[in-house]
Amino acid sequence: AQKITQTQPGMFVQEKEAVTLDCTYDTSDPSYGLFWYKQPSSGEMIFLIYQGSYDQQNATEGRYSLNFQKARKSANLVISASQLGDSAMYFCAMRETTGGSYIPTFGRGTSLIVHP
Amino acid sequence: ETGVTQTPRHLVMGMTNKKSLKCEQHLGHNAMYWYKQSAKKPLELMFVYSLEERVENNSVPSRFSPECPNSSHLFLHLHTLQPEDSALYLCASSHGTSGGLSTDTQYFGPGTRLTVL
């Protein structure tokens, strides 16, 4: 079974509107971290935001916020006031701590296109 | 120079060539990673190094050979590659701890776009 599921292969949003990118995860580890990355067409994976499994509040970083619903095992990324430069691939990732693993698991990504 | 750098950014090679990809991180991190990203496939972890010791090798063919001479540098040596090895190769680094803390964030380089003819 996939540990990270991103069900939206592609999303479209109008400039200045908000958009939500879905991510669900599967783990039995009580302690884990969730990450979102942005990958523009240039290729570099840019770290956006982190949410820890024990964090009481949803993480926010500027226009990015993470809608963390632990019981549903979802960690959706919300981008407010979309800009043309937000057009990119977005990847959700999870790092578990069981066994001291160094290996985060990535989803397949969601392609976001922002229309003017 | 800051962050994670990779050279070259683009590489075209024949199947009989030998080339190397270089990654350098300026973040004081202890762990470094090689990933392969092919079109329409998930990100594939290839190798993980922690404090210059290889801690993960994800069943990667022997035509890919990693080298980590120190915690700031990581190489991927390539020889007798196949056309299906054409992909974006991404290097990443993180603080890395023996406990594998969930907060350990990876920072990526810009990648090397490899084409094997």
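Keep in mind that what you see is a predicted model, and the values were worked out from it rather than measured. Each chain gets a letter, A, B and so on, in the order its sequence line appears, and its residues count up from 1. All values below come from the heavy atoms of this structure, side chains included, with hydrogens, waters and symmetry mates left out.
Aromatic rings from A:Tyr50 and A:Phe35 are positioned such that their centres are separated by under 6.0 Å. Checked against the 6.0 Å centroid criterion, the rings of B:Tyr33 and B:Tyr49 do not qualify as a close aromatic pair. Remark: aromatic rings of A:Phe106 and A:Tyr37 are close, center separation under 6.0 Å. Centroid-to-centroid, the aromatic rings of A:Phe47 and B:Phe108 stay 6.0 Å apart or farther.
Interface remark: of the candidates B:Gly109, B:Pro110, B:Pro42, B:Pro110 forms the most heavy-atom pairs closer than 4.5 Å to chain A.
For A:Gln39, the part sitting under 4.5 Å from any heavy atom of chain B is the side chain, from C-beta outward, and nothing else. When heavy atoms are compared at a cutoff of 4.5 Å, B:Gln37 approaches chain A solely by way of its side chain, counted from C-beta outward.
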